[in-house]
Amino acid sequence: MAWFKKVRKPIEPLAKSQASRVPEGLWVKCPSCGEVIYNKDLAATLSVCPKCAHHFRLGAVERLRMLFDGEWQEYDTDLQSTDPLRFVDTKPYRKRLDASIAATGMKDAVICATGPIEGIETSVAAMEYAFIGGSMGVVVGEKITRAIERAIDRRLPVVIVSSSGGARMMEGALSLMQMAKISAALARLDRARLPYVSVLTDPTTGGVTASFAMLGDVNIAEPKALIGFAGPRVIEQTIRQKLPEGFQRSEFLLEHGMLDLVVDRRELKAAVARVLRFGIPAEAAARGMPVLPVALPAPASPQS
Ligand SMILES: [Zn+2]
């Protein structure tokens, strides 16, 4: 007879996930509080529920519109995946790409642009979740790397807004290489003494979290965003334990030291601009601009 018996606990089912993308139509029902909101009102509040502050997912274009003061200049709009592995799962990757291009009007899951944020010229990359789950393939990796290199050339700060399911599996190991490539570009940005602000939105997972999303000089997240490496279901099935309440959400990560700030979307632009301004004195010094001498208080003469 065995002395010890390992009792396998059954895994409790997760609560049904709620759709958080703004649906089409005139009226929208908030998945968090059930409030029925007029679609145009939602646009005015940056897709945040006016009653309970639930943050709906925001597309890349709306994100840029929210961050920049006005016009912006977009780059590398024609880069497109070549499907190097001729990958087929439930349907060919080529067909998946074509469908996403038709649905979003974008060639891949990121928009890279430069423009002013409260007057500070910045290189911004915003990811689009609607394009194959905002996954990072060769094109996303190349565009973000170029956005960082552009910032180094012109001495601009960098802001990357993540919204991604992680690396794009249909591009195999090539997609994983983008993690190292972007991280190396960020290291060069750091050596050039330029600030990088990472904005993590719902969801930021997988290879994106494991590389550039967590490498910001300041990491800012939107409230209640799902941020993690492996999904909660995978972790529960591996450790066979129920995860604590709020696990992998912004507030939980802030409490455990993984994030610097959790900021409401309506105050996000001001928060990003404040961080960028904070990064600028060092930037001015690196450019050889005169830095005012700091007057140190005279040491108090010892009284005897
Ligand atoms: Zn609500």
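Counting starts at 1 for both ligands and their atoms, in listed order.
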SG (C33) to the Zn ion (ligand 1) to SG (C30) angle, given to the nearest 10 degrees = 110°
Angle subtended at the Zn ion (ligand 1) by C52 SG and C49 SG, rounded to 10 degrees = 110°
Residue pair Y129 / T201, side-chain donor-acceptor N/O under 3.5 Å =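 Distance-only check fails for Y129 and T201.
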2.8 Å cut-off met by an N, O or S atom of H54 to the Zn ion (ligand 1) = no
query = Knowing that exactly one of I239, T238, L243 qualifies, which makes a side chain to side chain contact (heavy atoms under 4.5 Å, CB included) with Q241?
reply = I239
key: Exceeds 12 heavy-atom contacts within 6.0 angstrom, atom CE of M258   = no
task = State the CD-CZ distance between Q73 and R150, to the nearest 0.5 angstrom.
result = 9.0 Å
